[in-house]
Amino acid sequence: MKNPGDGLDVLRAGRRPADRLRHRSRPGQEVLLPLALAPGEEAWLDVDLPPSHDGLLLRPDGTQIRVTGWAGGECVGRVWVGDRPDFSGGDANVLWIPPGWSGLTLLVRGAAGPEVPELRVLRLESSD
């Protein structure tokens, strides 16, 4: 795994530190990716973030999911993966976490569509 200062940090099953991604409803429980959800089903995830001077970008990858993120008590955005409504402005595939904000909480919701809702990978990148 590379740290965000080196470019890319990928969180996926069997390839990440056990303390990086936790299911909120059961503190300390490791979430194994891929995380499959039924349409309309939700899961809360807590992600420990490394220190960053430039902010971080989080790119979720999967099918038919909506990911909403909160950091520092603020909503940092929503990303739809799979079929989604049209967006304008910014990068619709990424959540930006400002510098110095620690901890990230994600609400992952399965959406109806042609594929099974599933969160496969969370990519954490430096924003510079």
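Residue numbers run from 1 in the order of the sequence given.
- Annotation: side chain of Val81 is not in contact with side chain of Thr63 (no heavy-atom distance under 4.5 Å).
- Considering only heavy atoms from C-beta on, Val116 stays 4.5 Å or farther from Gln64 through its side chain.
- Within the 4.5 Å cutoff, side-chain heavy atoms of Cys75 are placed close to those of Thr68.
- The shortest distance between side-chain heavy atoms of Arg78 and Arg66 falls below 4.5 Å.
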Asp61 vs Arg123, side chain to side chain contact (heavy atoms under 4.5 Å, CB included): CA-CA, chis, key distance, verdict: CA-CA 8 Å; Asp61 183 32; Arg123 288 183 179 85; 3.5 Å; yes
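- In this structure the side chain of Ile65 reaches within 4.5 angstrom of the side chain of Val67, judged on heavy atoms.
- Nearest approach of Trp101 to Val76, heavy atoms of both residues: CZ3-CG1, 3.9 Å.
- The ring pair (Phe, Tyr, Trp, His ring centres under 6.0 Å) search around Trp70 returns Trp44, not counting sequence neighbours.
- In this structure the side chain of Asn93 never reaches within 4.5 angstrom of the side chain of Trp80, judged on heavy atoms.
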Applying side chain to side chain contact (heavy atoms under 4.5 Å, CB included) to Leu37 and Arg109, what does each step give before you reach the verdict? CA-CA 7 Å; Leu37 300 168; Arg109 180 180 173 94; 5.9 Å; no
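- For the residue pair Asp54 and Ser126, no side-chain donor N or O sits within less than 3.5 Å of a side-chain acceptor on the partner.
- Distance CG/Leu56 to CG/Leu124: 5.0 Å, rounded to 0.5 Å.
- Proximity of Leu95 to Leu57: side-chain heavy atoms (C-beta onward) are nowhere separated by under 4.5 Å.
- A single hydrophobic cluster is not seen to contain both Trp96 and Leu45; linkage of ILVMFWY side chains at heavy-atom distances under 4.5 Å, directly or through other members, places them apart.
- Shown here are the side chain to side chain donor-acceptor pair (under 3.5 Å) partners of Arg59, two or more places apart in sequence or in another chain: Asp91, Glu125.
- The minimum heavy-atom distance linking Pro39 with Pro117 is given by the pair N-CG, 3.9 Å.
- Residues Gly103 and Ala71 share a closest heavy-atom pair of O-CB, 3.5 Å.
- At least one side-chain heavy atom of Ile97 sits under 4.5 Å from a side-chain heavy atom of Leu104.
- Here the CG atom belonging to Leu122 is positioned 6.0 Å from the CG atom belonging to Leu106, to the nearest 0.5 angstrom.
- With sequence neighbours left out, the side chain to side chain donor-acceptor pair (under 3.5 Å) criterion links Glu118 to Arg120.
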